[in-house]
Amino acid sequence: MNRQPSLYLVPTPIGNLEDMTLRAIRVLKEVDFILSEDTRQTGILLKHFEIRNKLVSHHQFNEHKSLDVVINRLKSGEVAALVSDAGTPGISDPGFLLVRACLKEGLDVESLPGPTAFIPALVNSGLPCDSFLFVGFLPHKKGRQTKLKEITASPYTLVFYESPYRLSKLIAQLIEHTGPDRQASVSRELTKLYEETIRGTLHELSVHFFEKEVKGEIVVVVEGKR
Ligand code: SAM
């Protein structure tokens with residue numbers, strides 16, 4: 001028997017609003033309320049798609065606190081959708097805690113397919129995408145070197161999220177762990193006006209980005225260990 005889920009995870013565009021799916025729009029219209037990482041940002045999206053619904057703030061700084069309240073509402077029969085600022089909730093964004101709490105309470109969860117930054121970056125890279133390791137953001141300080149050591153030993157293509165300010169540092173640290181010759185790519189501003197993907201060895205990328213002011217959002221993809 002098909003039960004209606006209590007929680008939908010709804011991906012939203014990572015730049016280009018044309019990437020919003022028809023189902024995402026319908027679900028956001030139909031649920032009882034929308035949990036949003038940034039209600040101002042989501043408000044703009046809802047207005048664009050003429051979705052009138054109630055927004056409830058749910059972000060990394062209140063997600064532990066708001067969990068009980070949300071779970072009680074879902075247990076009483078309400079249906080919610082979770083959206084993040086951009087892309088797929090749960091992917092380097094809040095989502096996991098709520099999904100886990102729902103499942104623990106026997107509440108059904110359904111994640112809609114849709115926009116996320118790492119898939120187009122991985123496919124654009126020209127590196128093998130049959131097996132890959134999604135790293136997301138590395139820890140800034142504690143544990144960074146250990147994690148880098150661990151993941152660079154993997155034979156699978158590596159996918160990182162990184163801030164433009166730390167891009168050169170990440171490339172330099174990758175070279176320390178892997179040598180300069182692995183193939184890699186940097187995808188910037190995916191789906192937006194100034195989208196670009198730069199490909200080359202880690203050495204070539206380090207030269208390209210050396211002391212350059214990089215702007216926008218970035219995904220770094222690196223060849224696995226040969
Ligand atoms: N939930 C999102 C997803 O599904 O991709 C990721 C959110 S995470 C907080 C934000 C990071 O995702 C950015 O720092 C960047 O690494 C990556 N990202 C998001 N949008 C992007 C874009 N348009 N182009 C390149 N990278 C992007």
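Computed from heavy atoms alone, side chains included, the values below leave out hydrogens, waters and symmetry copies. Order of appearance sets the numbers: ligands from 1, and atoms from 1 within every ligand.
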Fill in: ligand 1-proximal atoms of Asp85, by part, heavy-atom distance under 4.0 Å
neither
Discussion item. With heavy-atom distances below 4.0 Å as the criterion, list the atoms of ligand 1 near Thr88.
Written reply: 1 (N), 3 (C), 4 (O)
Practice prompt. Indicate the ring-plane relationship of Phe132 and Phe118, choosing parallel, tilted or perpendicular according to the 30° and 60° boundaries.
Written response: tilted
Worksheet item: In the protein, which heavy atom is nearest to atom 3 (C) of ligand 1, and how far is it?
Response: Thr116 OG1, 3.3 Å
Practice prompt. Please could you name the atoms of ligand 1 that Val219 approaches to less than 4.0 Å, counting only its heavy atoms?
Written response: 25 (C), 26 (N)
Worksheet item: In terms of residue, atom name and distance, what is the protein heavy atom nearest to atom 15 (C) of ligand 1?
Response: Ile218 O, 3.3 Å
Worksheet item: Identify the closest protein heavy atom to atom 5 (O) of ligand 1: which residue and atom is it, and at what distance?
Response: Tyr161 OH, 2.6 Å
Worksheet item: Name the one of Ser36, Ser66, Ser84 that satisfies side-chain hydrogen bond (donor to acceptor under 3.5 Å, both in side chains) with His58?
Response: Ser66
Worksheet entry | Ligand-residue contact atoms, ligand 1 with Phe137, heavy atoms, under 4.0 Å | 8 (S), 11 (C), 14 (O)
Discussion item. Looking at Arg23 and Glu110, is any side-chain nitrogen of the basic one under 4.0 Å from a carboxylate oxygen of the acidic one?
Written reply: yes
Response to the item:
closest protein heavy atom to atom 13 (C) of ligand 1 is Glu217 OE2, 3.5 Å
Worksheet item: What pair of heavy atoms forms the shortest contact from Thr12 to Ala86, and how long is it?
Response: OG1-CA, 3.6 Å
Discussion item. Give me the residue, atom name and distance of the protein heavy atom closest to atom 6 (C) of ligand 1.
Written reply: Ile91 O, 3.4 Å
Worksheet item: Are the side chains of Leu7 and Leu82 in touch, meaning some heavy atoms are under 4.5 Å apart?
Response: yes
Response to the item:
atom 18 (N) of ligand 1: closest protein heavy atom, distance to 0.1 Å, is Ala117 CB, 3.4 Å
Fill in: Close N or O approach (Phe118, ligand 1; < 3.5 Å)
no
Practice prompt. Quick one: closest heavy-atom pair of Asn62 and Ser57, and the distance?
Written response: ND2-O, 3.3 Å
Worksheet item: Does Ser163 approach ligand 1 within less than 4.0 angstrom via side chain, backbone, both or neither, non-hydrogen atoms only?
Response: neither
Discussion item. List ligand 1 atoms under 4.0 Å from Lys192, heavy atoms only on the residue side.
Written reply: 23 (N)
Discussion item. I want to know if ligand 1 touches Arg188 in the polar sense, i.e. an N/O pair below 3.5 angstrom.
Written reply: no
Discussion item. Would the distance check show the side chain of Glu217 and the main-chain N or O of Arg188 forming a donor-acceptor pair, the cut-off being under 3.5 Å?
Written reply: no
Discussion item. Pairs of nitrogen or oxygen atoms closer than 3.5 Å, one from Gly87 and one from ligand 1: do any exist?
Written reply: no
Fill in: Under 3.5 Å donor-acceptor, Arg226 side chain and Arg182 backbone
no
Discussion item. Counting non-hydrogen protein atoms only, what is the nearest one to atom 9 (C) of ligand 1? Give residue, atom name and distance.
Written reply: Ser92 O, 3.2 Å
Worksheet item: Does Phe160 come within less than 4.0 angstrom of ligand 1, counting non-hydrogen atoms of the residue?
Response: no
Discussion item. When you compare the side chain of Leu46 with that of Ile34, does any pair of heavy atoms fall below 4.5 Å?
Written reply: yes
Discussion item. Set out, in order, the CA-CA distance, both residues' side-chain angles and the distance that settles salt bridge (charged side-chain N to carboxylate O under 4.0 Å, His left out) for Glu162 and Arg144, then state yes or no.
Written reply: CA-CA 13 Å; Glu162 188 52 287; Arg144 188 175 173 97; 3.6 Å; yes
Discussion item. A side-chain contact here means heavy atoms from C-beta on lying under 4.5 Å apart; do Ile175 and Ser206 qualify?
Written reply: yes
Worksheet entry | Which of the ligand 1 atoms, numbered from 1, are nearer than 4.0 Å to a heavy atom of Glu162 | 16 (O)
Worksheet item: Going by heavy atoms in the side chains, are Lys54 and Val56 under 4.5 Å from each other?
Response: no
Fill in: Identity and distance of the protein heavy atom lying nearest atom 7 (C) of ligand 1
Asp93 OD2, 3.3 Å
Worksheet entry | Leu190-ligand 1 polar pair, N/O distance under 3.5 Å | yes
Worksheet item: Hey, does the side chain of Thr42 reach the backbone of Thr39 with a donor-acceptor pair shorter than 3.5 angstrom?
Response: no
Worksheet item: Near Ala86, which atoms of ligand 1 are under 4.0 Å from a heavy atom of that residue?
Response: 1 (N), 2 (C)
